[in-house]
Amino acid sequence: MRKHIVAGNWKMNNDLPQTELLITDLLKQNQTSDAEVMIAPTFTNLWQAFESLRQEPIEVIAQNMHFAENGAYTGEVSASMLKSIGIKTVILGHSERRAYYNETDESLAKKVDAALANDMRVIFCFGEELADRKAGNEEAVVEGQIKNALFHLGADAFKSIVLAYEPVWAIGTGETASPEQAQDMHAFIRKTLADKYGNDVADSVSILYGGSVKPANAKEIFSKPDVDGGLIGGAALKAEDFYAIVNAF
Ligand SMILES: O=C(CO)COP(=O)(O)O
């Protein structure tokens, strides 16, 4: 059975007092589903969030990291630094990082290696832009992003990889992929994995959907057989909405 995962990507939202308030609200919610729940606050609040949730079934994860262990990389944070405060999972390759910070398949491959070398789990994000979909190139784009950043790995490494399909045109726009579009792409991703690594690996990797998931559409999206969870942006900033999504499984 693949794990169901619902992860909240808080992006550059919530200062420390707001982070504490939202965590207090999250802890008032009731979980009725089997999903693993994660939140990704910004770097400055990771330690506080981790401490507040140490005994709770909510994992605190990071939004990004550098591929180097340490050195002259002003403004960056390494895997071992994250690990030293208890963080075990990192989001890599978010489309905002690709678009605004020049992250490429090549730099992401190095980040994935650094995370795995530090025994961290990776939520690897990818997805096509609107122009790609309009041109009918969405599968080729997604396949390229996965192959270039991940296909140097051995099959065993996929125990520590979660995939997150986030079509860029659906992020923060209010426009979601239809449940059928999400299912079609997730099935294609699983087939791409199966062709390279075999069915055992393909069937064991959780594939999350991200892009304007809301309480109103989560149930239908999560009902699709190849959708194993969600990476949630805007709706993760309200505890009731986030748990309505967590409980949509
Ligand atoms: O980018 C996302 C999660 O990483 C999705 O953001 P929204 O849910 O705000 O569309």
Side-chain angles (χ1 to χ4, degrees), residues 1-9 31 33-40 57-62 65 79 83 87-94 105 108-127 138-139 141-167 177 179-211 213 218-232 245-249:
M1 225 348 232
R2 284 191 295 274
K3 278 182 196 150
H4 291 148
I5 296 172
V6 177
N9 176 8
Q31 182 170 353
S33 72
D34 65 351
E36 262 189 62
V37 180
M38 306 175 184
I39 59 167
I58 301 178
E59 185 182 349
V60 177
I61 70 173
M65 53 165 247
K83 251 180 78 175
I87 305 298
K88 297 194 181 79
T89 303
V90 61
I91 298 170
L92 293 177
H94 193 279
D105 293 345
L108 288 168
K110 291 199 229 173
K111 289 187 176 202
V112 169
D113 289 345
L116 297 181
N118 280 281
D119 296 320
M120 289 181 73
R121 180 160 63 159
V122 172
I123 299 181
F124 182 75
C125 304
F126 53 86
E138 64 272 18
E139 289 188 348
V141 168
V142 161
E143 186 177 8
Q145 289 170 325
I146 293 173
K147 282 188 171 167
N148 294 337
L150 300 179
F151 274 15
H152 63 289
L153 299 172
D156 219 40
F158 278 81
K159 292 190 180 114
S160 305
I161 305 273
V162 172
L163 298 179
Y165 169 56
E166 299 205 302
E180 292 69 31
Q181 284 173 321
Q183 168 57 26
D184 286 352
M185 183 59 88
H186 284 221
F188 172 75
I189 294 161
R190 215 176 288 290
K191 181 177 178 306
T192 304
L193 283 180
D195 289 347
K196 166 84 175 167
Y197 294 103
N199 285 331
D200 283 356
V201 169
D203 289 341
S204 68
V205 174
S206 296
I207 308 178
L208 316 185
Y209 168 79
V213 178
K219 223 181 181 66
E220 211 189 338
I221 296 172
F222 292 171
S223 71
K224 295 297 175 189
D226 286 297
V227 178
D228 306 308
L231 188 54
I232 318 301
I245 295 169
V246 168
N247 291 331
F249 274 108

Run the side-chain contact (heavy atoms from CB on, under 4.5 Å) test against [X] and tell me which residues pass, sequence neighbours left out.
| X | result |
| --- | --- |
| Lys191 | Asp195 |
| Ala248 | Ala218, Lys219, Phe222 |
| Ser204 | none |
| Lys224 | Pro179, Glu180, Gln183, Val227 |

Closest heavy-atom pair and its distance - [X], [Y]:
| X | Y | value |
| --- | --- | --- |
| Asp228 | Ser206 | OD2-CA, 3.4 Å |
| Glu36 | Glu59 | OE1-OE1, 4.2 Å |
| Leu163 | Ile161 | CD2-CG2, 3.8 Å |
| Ala177 | Ala182 | CB-N, 4.3 Å |
| Ala35 | Val246 | CB-O, 4.2 Å |

Roughly how far, to the nearest 0.5 Å, is [atom2] of [Y] from [atom1] of [X]?
| X | Y | atom1 | atom2 | value |
| --- | --- | --- | --- | --- |
| Ile5 | Phe249 | CD1 | CZ | 9.0 Å |
| Lys83 | Asp119 | NZ | CG | 5.0 Å |
| Phe126 | Ile189 | CZ | CD1 | 3.5 Å |
| Ile61 | Ile123 | CD1 | CD1 | 4.0 Å |
| Thr192 | Met185 | OG1 | CE | 9.0 Å |
| Met120 | Met65 | CE | CE | 6.5 Å |

Checklist outcome for this item: Taken in chain and number order and not counting sequence neighbours, the residues that satisfy side-chain hydrogen bond (donor to acceptor under 3.5 Å, both in side chains) with Asn9 are none
Checklist entry - In chain order, what residues pass the side-chain hydrogen bond (donor to acceptor under 3.5 Å, both in side chains) check against Asp200, with sequence neighbours excluded? => result none
Next on the checklist: Quick check: do Val6 and Val213 have side-chain heavy atoms less than 4.5 Å from each other?
Outcome noted: no
Item to check | Heavy-atom side-chain proximity of Val205 to Tyr197 below 4.5 angstrom | outcome: no
Could you list the residues that satisfy salt bridge (charged side-chain N to carboxylate O under 4.0 Å, His left out) with [X], not counting sequence neighbours?
| X | result |
| --- | --- |
| Lys196 | none |
| Glu166 | none |
| Asp34 | none |
| Asp203 | none |

Item to check | Residues Met38, Ile58; criterion side chain to side chain contact (heavy atoms under 4.5 Å, CB included); working and verdict | outcome: CA-CA 5 Å; Met38 306 175 184; Ile58 301 178; 6.0 Å; no
With a cut-off of 3.5 Å and sequence neighbours excluded, list every side-chain donor-acceptor pair involving residues 142-152.
from   : atom 1 : to     : atom 2 : distance (Å)
Glu143 : OE2    : Lys147 : NZ     : 2.9
Gln145 : OE1    : Gly127 : N      : 3.0
Gln145 : NE2    : Gly127 : O      : 3.4
Asn148 : ND2    : Asp105 : OD2    : 2.9
Asn148 : ND2    : Gly144 : O      : 3.1
His152 : NE2    : Asp113 : OD1    : 2.7
His152 : NE2    : Asp113 : OD2    : 3.3

Item to check | Side-chain (Tyr209) to main-chain (Gly211) donor-acceptor, under 3.5 angstrom | outcome: yes
